[in-house]
Protein chains: 2
Amino acid sequence: MSETTQCKMISADQKKNLQDRLPSLEVLQRLSEFFGVFADETRLKILFFLSQQELCVADLATLTQMGQSAISHQLKVLRLTRLVKYRKEKTSIFYSLDDDHIHSVFEVAMEHILEGDRK
Amino acid sequence: MSETTQCKMISADQKKNLQDRLPSLEVLQRLSEFFGVFADETRLKILFFLSQQELCVADLATLTQMGQSAISHQLKVLRLTRLVKYRKEKTSIFYSLDDDHIHSVFEVAMEHILEGDRK
DNA sequence: ATATTATATGAATATATACTCATATATGGA
DNA sequence: TCCATATATGAGTATATATTCATATAATAT
C-alpha cells in the first residue's frame, strides 16, 4: 500500500478537502451492499416478478426456473436488505416488494445501458 | 431444478404472461453487471473522487489509500463499463466521469438507505 | 540510448457468494 | 398423532472477484 509514485497533481489542501467530503465508510459499505443485491440475475428476476404481483416461493421458483432452495436463499438476502416483505397464508408465504425506490433504481440503470448503446 | 412443489397460486396464463414481460436475459445480464460495478467500496470511492474533479491514477491511489495496481485494475473495470473516460498528459493519465447518470444512481440508493433507517 | 516516472497487466492468492443437496421447521389436514 | 405440503437453512462446492506482487509498457527527460 505504500507506493513509489506520489500524489503530485493535487495539493495537500485539495487532498484533505476531497477526503473530508468522502462519505463515511459506513455509508460506503451500505451503498456497496445495496448495489450488490441488484448485481445478480436471479435476484433481478425475483424483483421483477414481485414488481408485477405478490407471489409465493414455489411460484417464484417456477417462474425463474430455479430450485426452491436457491429462491429461498435469495429471498433471505432480499429480506435482510428490506427490499421485500412477506405474509403467511396456510403453509405458503407470499412475498412482495417493500421499497418504493426499486423502480427508480431500475430506471437510472436502464438509462446507462441505453446510453452505452448509442455510443 | 425440477421441484417437488408446484406452481399453483397462479394460473398457466398468468405464468406465461409474467414470463413474457420479463426483460431479456441480455438486459438482465447487463443490469446485474452494471450494479456489480457499484457493489465495491473501492470503486465507489474512485467514482466519488472523480465526481469532484478529474484525477490521475497516483492521486486516486493516495486519496483512496490503496495501491497503484489495485486502482489501475479497478479503473479498467470502470473503463470497460463506460463509467469513466481518460486523457493522457505527459506520463500521467487523467480520469474523469463519463456518465451523467451516476449522480442519479447514488441518489436513489441513498433514498433506500435513509428509508431503512426510519424503520 | 538510457534512466526515470506513471500506468497497466498477468499470475497467484484469499475471500465472497450462488447454487445444490440433504435436512429441519412449520402449518394444516386426515 | 401421523402425514403431506411449503419454506428455510446448514454444509459443501464451484465460481467470481479484489488485492498484492512482480513485471511490462509508454512517455519523457538527460
Side-chain angles (χ1 to χ4, degrees), chain A residues 1-10 28-29 32-47 50 54-81 84-96, chain B residues 1-10 28-29 32-47 50 54-81 84-96:
Chain A
M1 204 159 84
S2 66
E3 294 296 312
T4 53
T5 51
Q6 299 111 37
C7 182
K8 45 176 85 60
M9 308 313 293
I10 62 173
L28 289 172
Q29 196 174 322
S32 68
E33 188 182 299
F34 175 75
F35 288 119
V37 176
F38 292 89
D40 178 87
E41 294 179 42
T42 301
R43 285 193 292 267
L44 288 181
K45 289 181 191 173
I46 293 174
L47 290 172
L50 292 182
E54 179 188 63
L55 288 162
C56 67
V57 180
D59 283 357
L60 280 169
T62 304
L63 287 165
T64 56
Q65 307 190 69
M66 299 280 301
Q68 172 268 318
S69 178
I71 298 302
S72 270
H73 279 294
Q74 297 303 353
L75 285 171
K76 184 175 190 174
V77 173
L78 295 171
R79 260 187 282 122
L80 291 175
T81 50
V84 301
K85 57 177 187 272
Y86 62 91
R87 69 180 177 82
K88 300 188 181 185
E89 183 179 314
K90 297 191 176 179
T91 61
S92 293
I93 300 188
F94 287 86
Y95 281 86
S96 56
Chain B
M1 204 158 83
S2 65
E3 293 296 311
T4 55
T5 52
Q6 299 112 35
C7 183
K8 46 177 86 59
M9 308 313 294
I10 61 173
L28 289 172
Q29 196 174 322
S32 68
E33 187 182 301
F34 175 74
F35 288 120
V37 177
F38 293 89
D40 178 87
E41 295 180 41
T42 301
R43 285 193 292 267
L44 289 180
K45 288 181 191 173
I46 293 174
L47 290 172
L50 293 182
E54 179 187 62
L55 288 162
C56 67
V57 179
D59 283 356
L60 281 169
T62 305
L63 288 165
T64 56
Q65 307 188 67
M66 300 280 301
Q68 172 268 319
S69 178
I71 298 302
S72 268
H73 279 295
Q74 297 303 352
L75 284 171
K76 184 174 190 175
V77 174
L78 295 172
R79 259 186 284 123
L80 291 175
T81 50
V84 301
K85 58 177 186 276
Y86 62 92
R87 68 179 178 82
K88 301 187 181 188
E89 183 179 316
K90 297 192 177 180
T91 61
S92 294
I93 299 187
F94 288 86
Y95 281 86
S96 56

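The sequence lines fix the lettering, A, B, ..., with proteins before strands; numbering per chain opens at 1.
Here the side chains of A/K76 and A/L80 are in contact, with some heavy-atom distance below 4.5 Å. At least one side-chain heavy atom of B/R87 sits under 4.5 Å from a side-chain heavy atom of B/E54.
When each of A/K88 and A/V77 is assigned the nucleotide of DNA chain C bearing its nearest heavy atom, the one mapping closer to the 5' terminus is A/V77. Both A/T91 and A/A70 lie close to DNA chain D; mapped to their nearest nucleotides by heavy-atom distance, the more 5′-ward contact belongs to A/T91.
Summarising the geometry, the separation between CG on B/D40 and C1' on C/dA16 is reported as 12 Å, rounded to the nearest angstrom. Rounded to whole Å, atom C1' of D/dA18 lies 8 Å from atom CE of B/M66. For the pair B/L60 CG and C/dA8 P, the interatomic distance rounds to 10 Å; values are reported in whole Å. Distance B/K90 NZ to D/dT25 P: 25 Å, rounded to the nearest Å. A straight line from CD1 of A/I93 to C1' of D/dA8 spans 8 Å, rounded to a whole angstrom. Whole-Å rounding puts the A/I46 CD1 to D/dT7 P distance at 13 Å. One atom, CZ of A/R87, and another, P of D/dA6, lie 16 Å apart when rounded to the nearest Å. We find that CG of B/L80 is positioned 16 Å from C1' of D/dA16, with the value rounded to whole Å.
Below the 3.5 angstrom threshold, one finds no donor paired with an acceptor across the side chain of B/Q68 and the base of C/dA6. With hydrogens and angles ignored, no donor-acceptor pair under 3.5 angstrom links the side chain of A/Q74 to the base of C/dA18. For B/S72 against C/dT9, no side-chain N or O and base N or O form a donor-acceptor pair under 3.5 Å.
Nearest nucleotide to the B/S69 side chain, out of D/dA29, C/dG10, C/dG28: C/dG10. Relative to the side chain of A/K76, the nucleotides C/dT7, D/dG10, D/dT7 differ in distance, and D/dG10 lies closest.
Classified by interplanar angle (parallel below 30°, tilted 30° to 60°, perpendicular above 60°), the ring pair A/F35/B/F35 is parallel.
At the phosphate of D/dA6, neither OP1 nor OP2 sits under 4.0 Å from any side-chain N or O atom of A/Y95.
Stacking between A/H73 and D/dT9 is present: the aromatic ring centre lies within less than 5.5 angstrom of the base six-membered ring centre, and the two planes differ by under 30 degrees.
For A/S72 against A/R79, the heavy-atom pair with the smallest separation is O-NH2, 4.4 Å.
Within 4.0 Å of B/Y86, counting heavy atoms only, lies no atom of the nucleic acid at all. A/F94 comes within 4.0 angstrom of no nucleic acid atom, judged by non-hydrogen atoms across all strands.
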Trace of the side chain to side chain contact (heavy atoms under 4.5 Å, CB included) decision for B/I46 with B/L55: CA-CA 9 Å; B/I46 293 174; B/L55 288 162; over 6 Å; no
